Amino acid sequence: MNKFGDLIRSTREEKELLLRHIAAELDVDTALVSKIERGEKTAKREHVLALAQLFTINPEELIALWLADQVSELVENEEQALQALKIAEKEIKNNRKHKF
């Protein structure tokens with residue numbers, strides 16, 4: 001799964017921007033942007049927010065996609081992945097109730 005990278009690449013191409021343009025905006029090298037698009041590297045949260053602003057994408061949706069890719073990568077080869085995700089979902093909901 002590399003939904004985040006796929007979206008970044010397709011949006012960049014749609015806007016007819018080169019990798020070097022995105023790299024300059026993020027203050028990183030072109031190779032890193034390419035690896036993020038291919039799912040070989042994970043973008044930093046600050047880069048996700050910068051990309052959301054640059055591409056006028058809802059930052060909450062982009063962060064959710066970024067997080068989903070990371071979670072998926074972490075559990076993709078685990079037999080109990082779905083069970084673990086359900087437990088984590090309950091825990092997150094429970095923690096949110098106690099915070100607010």
Side-chain angles (χ1 to χ4, degrees):
M1 180 173 168
N2 182 30
K3 301 287 186 191
F4 176 81
D6 291 343
L7 178 63
I8 296 305
R9 175 183 284 138
S10 65
T11 305
R12 177 181 60 77
E13 290 174 348
E14 189 177 287
K15 294 185 179 285
E16 298 181 353
L17 295 170
L18 299 174
L19 284 170
R20 69 174 182 251
H21 295 132
I22 304 307
E25 288 291 327
L26 299 179
D27 195 27
V28 298
D29 66 3
T30 304
L32 179 61
V33 177
S34 179
K35 288 177 182 177
I36 289 169
E37 286 186 351
R38 292 192 313 267
E40 295 173 7
K41 291 280 187 181
T42 302
K44 292 181 179 180
R45 185 181 193 88
E46 64 193 53
H47 294 147
V48 176
L49 295 172
L51 288 165
Q53 185 174 7
L54 178 65
F55 292 147
T56 59
I57 298 172
N58 180 323
E60 291 178 2
E61 291 177 15
L62 196 57
I63 287 175
L65 199 56
W66 171 73
L67 287 170
D69 277 356
Q70 291 179 69
V71 170
S72 179
E73 183 179 330
L74 179 66
V75 301
E76 68 185 346
N77 295 320
E78 297 294 337
E79 193 172 314
Q80 294 80 18
L82 292 177
Q83 181 182 357
L85 290 171
K86 288 176 186 176
I87 293 168
E89 179 183 27
K90 286 179 186 176
E91 186 68 21
I92 291 167
K93 287 179 179 178
N94 189 40
N95 288 340
R96 287 185 185 257
K97 284 181 188 176
H98 288 55
K99 286 184 180 179
F100 301 106

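As the structure is a computational prediction, the values presented were derived from the model and not from experiment.
Listed by first then second residue, pairs satisfying side-chain hydrogen bond (donor to acceptor under 3.5 Å, both in side chains) with a partner in residues 44-65 number zero, not counting sequence neighbours.
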Tabulate below the donor-acceptor pairs under 3.5 Å that side-chain atoms of residues 14-21 make, not counting sequence neighbours, or state none.
residue	atom	partner	partner atom	Å
His21	ND1	Leu18	N	3.0

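The CD1 atom of Ile8 lies 5.0 Å from the CD1 atom of Ile57; values are rounded to the nearest 0.5 Å. Here the straight-line distance linking atom CD of Gln83 with atom CD1 of Ile87 works out to 5.0 Å at 0.5 Å rounding.
In this structure, the side chain to side chain contact (heavy atoms under 4.5 Å, CB included) partners of Ala31, at least two apart in sequence or on a different chain, are Asp29. Applying the side chain to side chain contact (heavy atoms under 4.5 Å, CB included) criterion to Ser10, with sequence neighbours excluded, gives Leu7. When the side-chain hydrogen bond (donor to acceptor under 3.5 Å, both in side chains) test is applied to Gln80, no partner is found at least two apart in sequence or on another chain. The side-chain hydrogen bond (donor to acceptor under 3.5 Å, both in side chains) test applied to Arg38 returns Ser34, Glu40, not counting sequence neighbours. Not counting sequence neighbours, Lys90 has no partner by the side-chain hydrogen bond (donor to acceptor under 3.5 Å, both in side chains) test. Applying the side chain to side chain contact (heavy atoms under 4.5 Å, CB included) rule to Val71 yields the partners Leu85; only residues at least two apart in sequence or on another chain are considered. With sequence neighbours excluded, the residues satisfying side chain to side chain contact (heavy atoms under 4.5 Å, CB included) with Ala23 are Val28, Thr30, Val33.
The cluster map of Ile, Leu, Val, Met, Phe, Trp and Tyr, joined by side-chain heavy atoms under 4.5 Å apart, puts Leu26 and Leu65 in the same cluster. The same ILVMFWY cluster, assembled from side-chain heavy atoms under 4.5 Å apart, contains both Phe55 and Leu67.
At distances below 3.5 Å, at least one donor-acceptor pair connects side-chain atoms of Asn2 with backbone N or O atoms of Glu37.
You'll find the side chain of Phe4 reaches within 4.5 Å of the side chain of Leu51, heavy atoms only.
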- Task: Verify side-chain contact (heavy atoms from CB on, under 4.5 Å) between Leu54 and Ile22, making sure each step is shown before the conclusion.
- Result: CA-CA 9 Å; Leu54 178 65; Ile22 304 307; 3.5 Å; yes
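When every heavy atom of Pro59 is checked against every heavy atom of Ala52, the shortest pair comes out as CA-CB, 3.8 Å.
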